[in-house]
Colleague: 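The following block contains the structure, expressed as structure tokens.
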Amino acid sequence: EAQVTQNPRYLITVTGKKLTVTCSQNMNHEYMSWYRQDPGLGLRQIYYSMNVEVTDKGDVPEGYKVSRKEKRNFPLILESPSPNQTSLYFCASSLMGGRARGEQFFGPGTRLTVL
Amino acid sequence: RKEVEQDPGPFNVPEGATVAFNCTYSNSASQSFFWYRQDCRKEPKLLMSVYSSGNEDGRFTAQLNRASQYISLLIRDSKLSDSATYLCVVNAVTGMDTGRRALTFGSGTRLQVQP
């Protein structure tokens with residue numbers, strides 16, 4: 001089954017404790033992306049990757065890191081989480097072509113709470 | 001001004017009604033357009049792409065007006081299962097930086113279909 005998986009699905013942590021949210025896709029997609037979703041603000045892109053070892057900032061990259069060592073995996077790293085990073089996070093993947101990139105497949109989401 | 005604007009709703013309609021959502025975008029360089037559906041606390045899923053000539057998929061019709069920079073989604077014969085939030089998504093690819101700001105999401109319009 002074609003899918004994007006994320007782990008963990010729910011996480012409560014404390015300020016400053018490093019964490020990683022994993023993302024994996026089995027569709028051989030080149031393009032992967034991380035979003036956060038906050039009430040009234042919609043989905044905002046954090047980082048994206050166009051292929052292995054190619055990553056770049058999205059609209060709200062501060063406080064986050066990513067890596068793309070393998071095509072299927074795109075982990076999101078919060079080195080020192082803060083309460084303003086409490087949010088719902090989605091990983092997504094797609095093919096690279098113009099319109100194809102708009103046809104994104106999303107993971108189930110990770111609800112993060114930073115105390 | 002937000003890049004993609006939607007009426008947040010909620011739109012409360014009876015079963016069988018026809019309902020229309022509009023979405024305006026500010027970037028005239030936007031190249032492709034999409035409607036996504038998001039159920040409560042779930043990931044967004046692609047509902048349909050929007051083509052210049054307008055397109056239909058069963059009870060759903062999407063229209064694009066480039067001159068006025070808006071897209072619309074029409075749902076005929078609403079079902080209870082149509083209750084969800086509908087996200088307008090715009091793909092603006094500018095210059096050589098083809099990866100940045102690939103997709104901009106609206107905040108969504110909530111639809112509640114009532115029996």
Side-chain angles (χ1 to χ4, degrees), chain A residues 2-6 9-10 23 25 27 29-51 53-61 66 68 74 87-111, chain B residues 2-10 23-27 29-52 55 57 62 64 71 84-110:
Chain A
Q3 61 182 351
V4 178
T5 57
Q6 292 179 231
R9 294 288 312 280
Y10 302 91
C23 172
Q25 51 94 4
M27 295 167 279
H29 286 163
E30 300 91 354
Y31 190 90
M32 297 187 74
S33 185
W34 275 102
Y35 297 90
R36 61 177 288 173
Q37 187 173 35
D38 302 289
L41 296 177
L43 279 151
R44 294 178 293 166
Q45 190 181 53
I46 302 170
Y47 268 94
Y48 65 91
S49 169
M50 290 194 280
N51 215 325
E53 302 293 1
V54 181
T55 64
D56 206 349
K57 298 176 181 178
D59 295 320
V60 288
V66 292
R68 188 93 179 272
F74 190 44
S87 187
L88 178 58
Y89 292 86
F90 289 104
C91 179
S93 73
S94 71
L95 295 170
M96 268 298 293
R99 178 168 285 277
R101 202 180 308 164
E103 298 169 352
Q104 300 214 342
F105 293 80
F106 282 82
T110 295
R111 188 166 291 279
Chain B
K2 288 184 180 178
E3 290 193 41
V4 178
E5 294 210 57
Q6 297 183 250
D7 181 341
C23 163
T24 58
Y25 61 93
S26 60
N27 186 345
S30 300
Q31 296 188 343
S32 49
F33 309 87
F34 309 86
W35 284 101
Y36 277 69
R37 170 194 169 125
Q38 185 174 24
D39 293 296
C40 188
R41 300 181 182 275
K42 300 283 185 111
E43 73 273 23
K45 292 184 179 177
L46 179 67
L47 178 65
M48 58 196 302
S49 296
V50 185
Y51 297 101
S52 296
N55 49 299
D57 183 1
L64 167 63
I71 66 174
T85 296
Y86 291 84
L87 307 177
C88 171
V89 183
V90 172
N91 186 354
V93 179
T94 57
M96 296 297 291
D97 193 354
T98 59
R100 187 171 296 282
R101 304 175 71 78
L103 295 181
T104 301
F105 287 77
S107 300
T109 297
R110 193 155 67 89

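A note on names: the letters A, B, ... follow the listed sequences, proteins ahead of strands, and every chain is numbered from 1.
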Colleague: Quick check on A:Arg68: does its CZ atom have over 12 non-hydrogen neighbours (other residues, nucleotides or ligands) under 6.0 Å away?
Modeller: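 Atom CZ in A:Arg68 is packed in, count exceeds 12.
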
Colleague: Would you give the length of the straight line joining atom CG of B:Leu103 to atom OH of A:Tyr48, rounded to the nearest 0.5 angstrom?
Modeller: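 If we round to the nearest 0.5 Å, B:Leu103:CG and A:Tyr48:OH are 11.5 Å apart.
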
Colleague: What is the distance from atom CD of B:Glu43 to atom CD of A:Gln37, rounded to the nearest 0.5 Å?
Modeller: 11.0 Å

Colleague: Any pair with a residue in residues 38-49 of chain A that passes salt bridge (charged side-chain N to carboxylate O under 4.0 Å, His left out), sequence neighbours left out, goes on the list, sorted by first then second residue, please.
Modeller: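 Every salt bridge (charged side-chain N to carboxylate O under 4.0 Å, His left out) pair that includes a residue of residues 38-49 of chain A, provided the two are not neighbours, is A:Arg36-A:Asp38, A:Asp38-A:Arg44.
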
Colleague: Name the option with the most non-hydrogen atom pairs under 4.5 Å to chain A; the candidates are B:Lys45, B:Gln38, B:Lys42.
Modeller: B:Gln38

Colleague: Give me the atom names and distance for the closest heavy-atom approach of B:Pro44 to A:Phe106.
Modeller: O-CD1, 3.4 Å

Colleague: Which bit of B:Pro8 is near chain A, if near means a heavy-atom gap under 4.5 Å: side chain, backbone, both or neither?
Modeller: neither

Colleague: Kindly compute the distance separating OG1 (B:Thr104) from CG (A:Leu43), expressed to the nearest 0.5 Å.
Modeller: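 Rounded to the nearest 0.5 Å, the OG1-CG separation comes to 11.0 Å.
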
Colleague: Tell me the closest heavy-atom pair linking B:Ser107 and A:Gly42, and the distance in Å.
Modeller: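 So the minimum-distance heavy-atom pair works out to OG-N, 3.7 Å.
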
Colleague: If you look at every heavy atom in A:Glu103 and B:Phe34, which pair is closest and at what distance?
Modeller: CG-CE2, 3.8 Å

Colleague: Side chain, backbone, both or neither: which part of A:Phe105 has a heavy atom under 4.5 Å from chain B?
Modeller: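 Neither the backbone nor the side chain of A:Phe105 comes within 4.5 Å of chain B.
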
Colleague: Counting heavy-atom pairs under 4.5 Å to chain B, which of A:Gly40, A:Pro39, A:Gly109 comes out on top?
Modeller: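 Top count of heavy-atom pairs under 4.5 Å with chain B: A:Gly40.
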
Colleague: OG of A:Ser94 to CG of B:Leu46: how many Å apart, nearest 0.5 Å?
Modeller: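 A:Ser94 atom OG to B:Leu46 atom CG measures 11.0 Å (nearest 0.5 Å).
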
